[in-house]
Novice: 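Have a look at this one before I ask anything.
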Amino acid sequence: MNKITHTVTAREKPYFLWKHLNKLRWLSLSLVFSLLILIPFLHVYQTYVAAHGYDLLSPSEKHVYDVMETLTSPFVSDPEKQLDGLKGNTWSGTFAGLQLSDPLAIVGQIAASLKLYWPFILTALIPILLTVLLGRFFCGWICPATFLYELNSNLGFLLRKSGIRLGNKHFDRRLKYLVLALGIIISMITGSVIFASMYPPAIVGREIYYSIALSGFGAGAVFFLLTLLFDLLVARRGFCRYLCPGGALYSLLGRFRLVRIKRIVEECTDCVKCNVACEFGLDPLRDQFGQECNNCGACIAACPTDAMTFYISPKDIAYQGHGHLGRQYRQAHAKENNHETS
């Protein structure tokens with residue numbers, strides 16, 4: 001019996017790269033954020049090229065021109081036209097010539113216009129298919145706001161460590177579905193895509209563009225700053241957990257995702273580190289991931305005994321009980337053995 005148990009445990013060991021997947025996620029978030037900074041500079045450079053007035057530029061503008069020319073010249077010969085292959089942001093944009101849009105942008109456009117514009121709808125097809133497969137992955141792997149929110153969480157950790165008390169309230173996660181529904185209704189009534197003014201990824205992309213191309217910020221910057229303060233003073237990752245309409249839509253689309261995280265109960269010590277690492281306040285220790293999980297891999301990286309892994313299934317595994325390497329499981333089985341002996 002011991003040999004069989006050992007074989008199963010060895011087979012259940014997670015792929016060794018899963019442990020480092022959270023680092024790859026941070027790289028992905030950093031690249032997306034860097035891309036959002038690069039695109040406005042490319043647009044400004046295109047404008048300078050089209051104007052054919054290099055001598056009329058200010059010294060700072062000439063510096064931007066020279067730097068961007070150095071960066072792009074190995075890849076394009078006609079920047080005025082060829083750089084059009086990279087436009088927009090994660091709300092809606094063109095990347096390497098492929099037009100992609102956030103599903104929330106499609107929902108907002110349909111609600112505001114009360115029409116189906118298929119060329120625009122099809123730009124969300126790839127994100128939707130990936131969400132059906134991977135779940136709320138956009139929130140953990142691509143969203144530029146997540147990059148800032150997690151840095152904000154690190155700041156909160158340092159503040160707590162220094163003795164400053166911060167908010168950690170809990171609300172009903174269904175609030176964000178109400179926000180999504182209200183946003184759709186308001187868009188239908190007003191004829192405007194209200195989500196663009198309250199959706200952090202759209203705000204971050206827009207405000208970065210304003211700051212670089214237009215040398216200023218819009219009202220969205222104030223709104224986003226308030227969400228950061230909300231996360232620090234009221235609830236950890238509160239906006240993403242309880243208020244984000246995009247998070248609500250991605251959770252619905254990815255409810256029956258195929259790629260999920262599970263706990264390897266034979267390797268679990270019940271140390272609770274997976275729960276602590278989860279920014280979304282889920283309960284990996286009790287196998288409760290649900291549709292809110294964004295497959296970020298933070299719980300996998302935090303587990304000291306490699307008791308978390310990815311698997312393919314349209315639903316989560318039911319609660320498996322205490323970890324087999326934990327004190328409660330050992331005590332319970334010791335009592336059973338003593339009872340059988342007696």
Side-chain angles (χ1 to χ4, degrees), residues 29-30 32-37 39-40 88-93 101-109 111-112 127 136 138-156 159 166-251 279-281 292 294:
L29 291 172
S30 302
V32 171
F33 199 83
S34 299
L35 189 63
L36 292 182
I37 295 174
I39 288 175
N89 51 46
T90 57
W91 175 251
S92 186
S101 297
D102 192 307
L104 188 64
I106 306 301
V107 170
Q109 186 269 335
R136 195 177 167 177
F138 175 87
C139 302
W141 287 77
I142 297 175
C143 177
T146 291
F147 179 78
L148 297 176
Y149 282 139
E150 295 205 8
L151 291 177
N152 195 46
S153 293
N154 292 337
L155 173 61
L159 292 175
L166 300 176
N168 193 26
K169 295 185 181 297
H170 298 277
F171 303 97
D172 193 323
R173 289 193 179 92
R174 292 174 294 182
L175 277 173
K176 61 179 171 292
Y177 300 105
L178 177 61
V179 173
L180 175 63
L182 289 175
I184 292 174
I185 294 171
I186 293 173
S187 295
M188 293 172 67
I189 294 173
T190 63
S192 62
V193 184
I194 191 68
F195 294 120
S197 62
M198 58 181 292
Y199 183 42
I203 293 173
V204 169
R206 187 170 61 244
E207 294 300 324
I208 289 176
Y209 182 87
Y210 286 165
S211 64
I212 294 173
L214 303 177
S215 301
F217 291 98
V222 177
F223 179 85
F224 185 73
L225 179 60
L226 290 175
T227 68
L228 292 174
L229 292 175
F230 180 76
D231 285 5
L232 278 179
L233 304 178
V234 181
R236 180 189 181 194
R237 287 304 291 274
F239 192 88
C240 296
R241 286 195 202 183
Y242 309 118
L243 298 173
C244 182
L249 180 59
Y250 279 114
S251 294
E279 290 258 316
F280 282 77
E292 304 287 340
N294 61 16

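Heads up: numbering here begins at 1 and tracks the sequence.
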Novice: Rounded to the nearest 0.5 Å, what separates atom CG in Leu180 from atom CG in Leu243?
Specialist: 12.5 Å
Novice: According to side-chain contact (heavy atoms from CB on, under 4.5 Å), who are the partners of Phe217, at least two apart in sequence or on a separate chain?
Specialist: Glu207, Ser211, Ala221
Novice: Kindly write out the residues that satisfy ring-ring contact (aromatic ring centres under 6.0 Å, His included) with Phe230, not counting sequence neighbours, or none if the list is empty.
Specialist: none
Novice: Taking Phe224 as the fixed residue, which of Leu228, Leu226, Val222 is the one that meets the side-chain contact (heavy atoms from CB on, under 4.5 Å) rule?
Specialist: Leu228
Novice: Do Trp91 and Leu104 pass the side chain to side chain contact (heavy atoms under 4.5 Å, CB included) test, and can you show the C-alpha distance, the side-chain angles, and the key distance before you say yes or no?
Specialist: CA-CA 8 Å; Trp91 175 251; Leu104 188 64; 4.2 Å; yes
Novice: Rounded to the nearest 0.5 Å, what's the gap from CG on Asp231 to CG on Leu166? Could you check?
Specialist: 11.0 Å
Novice: Decide yes or no for Leu151 and Leu155: does some side-chain heavy atom of the first lie under 4.5 Å from some side-chain heavy atom of the second?
Specialist: no
Novice: Find the distance between CG (Leu148) and CG (Leu29) and round it off to the nearest 0.5 Å.
Specialist: 10.0 Å
Novice: Would you name the heavy atoms of Asp172 and Arg174 that are closest together and state the gap between them?
Specialist: OD2-NH2, 2.7 Å
Novice: Tell me, do Thr227 and Tyr149 make a side-chain contact under 4.5 Å, heavy atoms counted?
Specialist: yes
Novice: With sequence neighbours left out, what residues match Leu178 under side-chain contact (heavy atoms from CB on, under 4.5 Å)?
Specialist: Leu182
Novice: Side chains of Val32 and Phe147: closer than 4.5 Å at any heavy-atom pair?
Specialist: no
Novice: Can you name the residues that form a side-chain contact (heavy atoms from CB on, under 4.5 Å) with Ile37, not counting sequence neighbours?
Specialist: Phe33, Phe41, Ile208, Ile212
Novice: Using the side-chain contact (heavy atoms from CB on, under 4.5 Å) definition, which of the options Pro103, Cys244, Pro245 pairs with Tyr250?
Specialist: Pro103
Novice: Please work out which of the three classes, parallel, tilted or perpendicular, describes the rings of Phe223 and Phe239, given edges at 30° and 60°.
Specialist: perpendicular
Novice: Suppose we screen for side-chain hydrogen bond (donor to acceptor under 3.5 Å, both in side chains). Which residues come up paired with Tyr177, at least two apart in sequence or across chains?
Specialist: Gln291, Glu292
Novice: So, using salt bridge (charged side-chain N to carboxylate O under 4.0 Å, His left out) as the criterion, who are the partners of Glu279 when residues are at least two apart?
Specialist: Arg236, Arg237
Novice: At what distance, to the nearest 0.5 angstrom, does CG of Leu159 lie from CG of Asn152?
Specialist: 9.0 Å
Novice: How many angstroms lie between NZ in Lys169 and CG in Leu233, if you round to the nearest 0.5 Å?
Specialist: 11.5 Å
Novice: Enumerate the side chain to side chain donor-acceptor pair (under 3.5 Å) contacts for residues 195-206, please, sequence neighbours excluded, ordered by first and then second residue.
Specialist: Asp102-Tyr199
Novice: Counting only N and O atoms by type, is there a donor-acceptor contact under 3.5 Å from the side chain of Ser187 to the main-chain atoms of Ile194?
Specialist: yes
Novice: Just to verify, what does Thr190 make a side-chain hydrogen bond (donor to acceptor under 3.5 Å, both in side chains) with, not counting sequence neighbours?
Specialist: Ser192
Novice: Can you give me the closest heavy-atom contact between Ser251 and Lys176, atom names plus distance?
Specialist: OG-CE, 4.3 Å
Novice: Who passes ring-ring contact (aromatic ring centres under 6.0 Å, His included) against Tyr209, sequence neighbours left out?
Specialist: His43
Novice: Show the nearest heavy-atom pair for residues Gly140 and Thr146, with the distance to one decimal.
Specialist: O-CG2, 4.4 Å
Novice: Suppose we screen for side-chain contact (heavy atoms from CB on, under 4.5 Å). Which residues come up paired with Ile39, at least two apart in sequence or across chains?
Specialist: Leu35, Leu86, Phe95
Novice: Side chains of Val234 and Phe171: does their closest heavy-atom pair fall under 4.5 Å?
Specialist: yes
Novice: To the nearest 0.5 Å, tell me how far Arg173 CZ sits from Leu175 CG.
Specialist: 11.5 Å
Novice: Taking side-chain hydrogen bond (donor to acceptor under 3.5 Å, both in side chains) as the definition, give me every residue that meets it alongside Ser101, ordered by chain and number, with sequence neighbours left out.
Specialist: Ser92, Thr123
Novice: Report the residues that fulfil ring-ring contact (aromatic ring centres under 6.0 Å, His included) with Phe195, sequence neighbours left out, ordered by chain and then residue number.
Specialist: none
